[in-house]
Structure formats: C-alpha cells, structure tokens
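Inspection log for the structure reproduced underneath, given as structure tokens.
Residue numbers start from 1 in every chain, and the chains themselves are labelled A, B, ... in the order their sequence lines are given, proteins ahead of strands.
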2 protein chains.
Amino acid sequence: MSSKGLFVSEAVLLGKSARTRARLMDAAAQLFARQGFEAVSVNEIARVAEVANGTFYVHFRDKDEIAGAVAFGIAQEVVRQLDEAMTDIDDAMERTSMATRRFIDLAGSEPDWGGALFRAVLTFQDLRESVIGYLRADLQRGVSQGVFTTEIDDVVIDTFVSMAMGALFGRLNGRFGPELGSRVAELQLRMLGVPARKAAKVAWREIPPLELHIRPLAKTWPVGRQP
Amino acid sequence: MSSKGLFVSEAVLLGKSARTRARLMDAAAQLFARQGFEAVSVNEIARVAEVANGTFYVHFRDKDEIAGAVAFGIAQEVVRQLDEAMTDIDDAMERTSMATRRFIDLAGSEPDWGGALFRAVLTFQDLRESVIGYLRADLQRGVSQGVFTTEIDDVVIDTFVSMAMGALFGRLNGRFGPELGSRVAELQLRMLGVPARKAAKVAWREIPPLELHIRPLAKTWPVGRQP
DNA sequence: ACAATATTTGACAAATATCCCATTTTTGGG
DNA sequence: CCCAAAAATGGGATATTTGTCAAATATTGT
C-alpha cells in the first residue's frame, strides 16, 4: 500500500533516526494534505508511519513542530527545484510563468506535497511572506524590463500568489486538468499588463516536465559519535 | 463579553428554539473563523454559546450539520446583500467590482462571518461552485458589453474567485487595510482585459459602505401549537 | 562477540470528546 | 394559577488523544 514518500527517499542513506523522522514527516504530509492540519492526530501520524506512538515524541515535541518541519522541508525542496529550473532564464515573463506553472503542477505530480504546502501556506503566515519575498525580485525585474506595466507592491504580489494557490487547490480537487498552469500563468501576465497575444505565447511555451527527483543526502552520524 | 452575533439578531423575534439554535450558530461561526472547522469541538461550541452540552444535540446531529447550516446561512445573507446593492447596476465592470469589494470588506465589518465563509469555501466544494455560478452571468455580461476581452470559462471564473478569496484572507489577517477591495478589483478588471485607466476609474469609485443590518425574521410557533 | 550507546516500544494516566437520555425548567394557552 | 408540551440540562458510558517513561531492541566500534 504505502509506497515510499519523498522525505524517506531523501533520507535513505542517513542514520536510522533520520529515516524514522522522515517516515513520520511523510505520513504527516499525506495526512495534512488529505484532512487538513487540525483534523490529524499524533496517533494517526504514528499509525500511518508504522511506528509506535511513543516514537513520535522522540522526534517531535508536538503536532505543530512536525507541521513546521514538513512545511519547511517541502518549501525548501520546491524552491530548490524552481531555482534550478530557472537559472538560465533572464526574461521576467518566462520566470514568473515558469514558477507558476511548476508550482501548480505539483498538484499533479505530488498531490500530497501540493496539498500539504497549500494548507501550510494558509496556516503559517511566515511561509506566505517568504513566498512573497521570493517573487518580488522577479516581478520587479519585469517592470525594469518594461514588460510589466503594473507597479509591484505587496498587494500585487499577494494577489499573484492567490491566483497560483487557488489553481493549486482546483487542481488538487480534480476540477481542472494539466493545462491549468498555463491558463493561470497567462491570466497573471495579463493582470501585470502584458498584451494578450504576448502573454499567451509565453505561458504556453513548452517546458520540461517537473520532476522532483530527490537526491539522497549524505550520511551523517549521531552527535558525539564521530567515526 | 459576548455581544450578540448576527444569527441571533436575525432570530430575536423567533421562538425560543430558533433563538437557541442561532446562539449555537453564532458560536460555531466565531470558532470556525478563528480556529478552523476541524479544531473546534462540539463541547466548545456549546460552551461559547452558553448552553449545556446536551442542548447542542437537540438542534444539530453533529459538527458537520452545524457547519453546513452556518455556511449556508452566511452565504445566503451575503448574496442577499450583494443582490440588493447591485439591482440597479447594469455595467458589468461596476457589478463585478462591487461584488469583489463588498465581499472583501466582509473581513473588516464582520470578521467572524468572513473567516467562517473563507473556511467554508475551502471545505465545501459545492459552495465554491455556487459562487462560480453566481459570477458567471456578470462576467459573461462583460463580454457581451464588449468591455471584457478575455473569454469566460471555469478557469477564468475560478481564478477571479481565488483573487477575491486571497484578499479576504489577507484582510482577515490584518496584512492589508480597507483599500484592498479596490486594489484587487482593479487587478481583476485588468486581468479581464479592461484598459488600466478605465479599470482604475471603476474600481475606485465610491460605494456606499456595506452594512449587514439584519432584518429579524417573522415570528413562528412550535409545530402543533398554533395560537 | 561484547559493551556502550542510540532508538524504539507499548502500556498507562490524565485530559478531552462524543453522544445519549432521564430529569428539570420554561413557556404560554385556558 | 395550572397544566401539558417544548426546550434545556448535566451526569455518565464510551472512545479518543496527548504525552511520559521504564523496559526492550537495534546498531556500531572495537
């Protein structure tokens, strides 16, 4: 039934403690995504992770702590993948539309992570603010490049994020298909003042499919026990 | 401490049963708004409503039932107020921007209702679909009138809704002030193809403040006991 | 294989939740 | 004021959840 989650894949080479911790985080991510943070109990997380209930408390103080770890871990990985995909791209329209499309595609490729991330952004305002910070540079770059005619401030960025979040949600619920990313990216560009023709052209350009192939972290040892 | 909620205001003239039911719904709305649906217990609702725990079960089967009643009740009232405010308006830009602005202003004037509605739209997909249905006519009217150049379909409407929902959320969290409604309405109009100048003009037009002044419902009597 | 250390286990106490229902309180017509 | 119907009460049986801890098990360097 339970194929390995992404946190476990990332931790395969690590020590036992880290692997167990990863199992708990995968279980938590899955449950948060499917039921929402509040509906999930510590017991349930332990059960899905297939560890004893006491084991949970060895790794996390409480549900909030694991939620933070899950949110942070997912965000970190998604940002890493986005940065990687965008290193060579200079054009602000390309960059923002790539970010939106990949973000929304998370719902298709890794629905548990997508769902958990969605919930997390609603729960942790810090996280939303990080996202806003992350996007600010690219949106302002568009203004500098003369392609975005809307002045960029927190309201504009927040609305830009809301559009992507709403789309992620719609995709998670199966209301829309794989073309949603391009559709929404196009609407975002139009909102920012890009002419319709141009917006369509950029938003529908082919991009390599998103694959979150996890690279296992290097082995570490328990503290105070260096080989 | 506990000033009357809107459901109670609406029920002041009704029989005792209806008034108690309304107290429970006000308590539930407040708690759902502040903590999210799943985090709230039936016990807590009864405590905040200042009724005994068993009383809850006289009026509702379980938490889902009261959540549905709250969501439906709020949605109904908001729609009523919106319809009332828009009866005389023909212009699609005016109508959609009025709807967005009033909706977002809910967060300022009635944060408990705003918060509960926000959570409800995430929880009950039916509700989101009702909202989409509600907006479709006005958005299509804009196309007919030649002011919206973007073709209207479910993706566009859903994105339009996401922008308003995200703004409601931002306002609820105190990240933005009263001008947010106009800001977002303007961005929506630009997304739909309205020229920047025109969009700004419409979205910033003065509108009468939203006041959800509840009109008490007419008295009813217990079944099988007509006077 | 052994010893030392790291990790996991599962039972349990305390707290909290759900839902029921016999009893009490309130209501309003006559 | 009195009574019958309506409404509310709160105690309690049952279930679930949280968080702790002594004991059991697994891992690793030597």
(message) So, does A:His59 get its side chain near the phosphate of C:dT8, meaning an N or O under 4.0 Å from OP1 or OP2?
(response) yes
(request) Can you measure from CD1 (A:Ile132) to CG (A:Leu139) and round to the nearest 0.5 angstrom? (result) 10.5 Å
(message) Quick check for you: to the nearest 0.5 Å, what is the distance between A:Phe176 atom CZ and B:Asp154 atom CG?
(response) 5.5 Å
(request) Measure centre to centre between the rings of A:Phe7 and A:Trp113, then say whether the value is under 6.0 Å. (result) yes
How many whole angstroms separate atom [atom1] of [X] from atom [atom2] of [N]?
X: B:Asp64; N: C:dT18; atom1: CG; atom2: P; value: 11 Å
X: B:Glu50; N: D:dT9; atom1: CD; atom2: P; value: 11 Å
X: B:Arg47; N: C:dT16; atom1: CZ; atom2: C1'; value: 11 Å
X: A:Lys16; N: C:dT8; atom1: NZ; atom2: C1'; value: 7 Å
X: B:Leu24; N: D:dA7; atom1: CG; atom2: C1'; value: 12 Å
X: B:Arg23; N: D:dA8; atom1: CZ; atom2: C1'; value: 12 Å

(message) Counting only side-chain heavy atoms from C-beta out, which of D:dA8, C:dT8, C:dT9 sits nearest to A:Thr20?
(response) C:dT8
(message) Can you classify the ring geometry of B:Phe37 versus B:Phe32 as parallel (below 30°), tilted (30 to 60°) or perpendicular (above 60°)?
(response) tilted
(request) May I ask you to decide whether B:Arg183 forms a salt bridge with B:Glu186, counting only side-chain N to carboxylate O separations under 4.0 Å? (result) no
(request) Scan side-chain atoms only and decide if A:Gln188 and A:Thr96 contain a donor-acceptor pair under the 3.5 Å cut-off. (result) no
Every protein N/O lying under 3.5 Å from an N/O of nucleotides 18-25 of chain D:
residue : atom : partner : partner atom : Å
D:dT18  : OP1  : A:Val42 : N            : 3.4
D:dT18  : OP2  : A:Val42 : N            : 3.0
D:dT18  : OP2  : A:Asn43 : N            : 3.4
D:dG19  : O6   : A:Asn53 : ND2          : 3.1

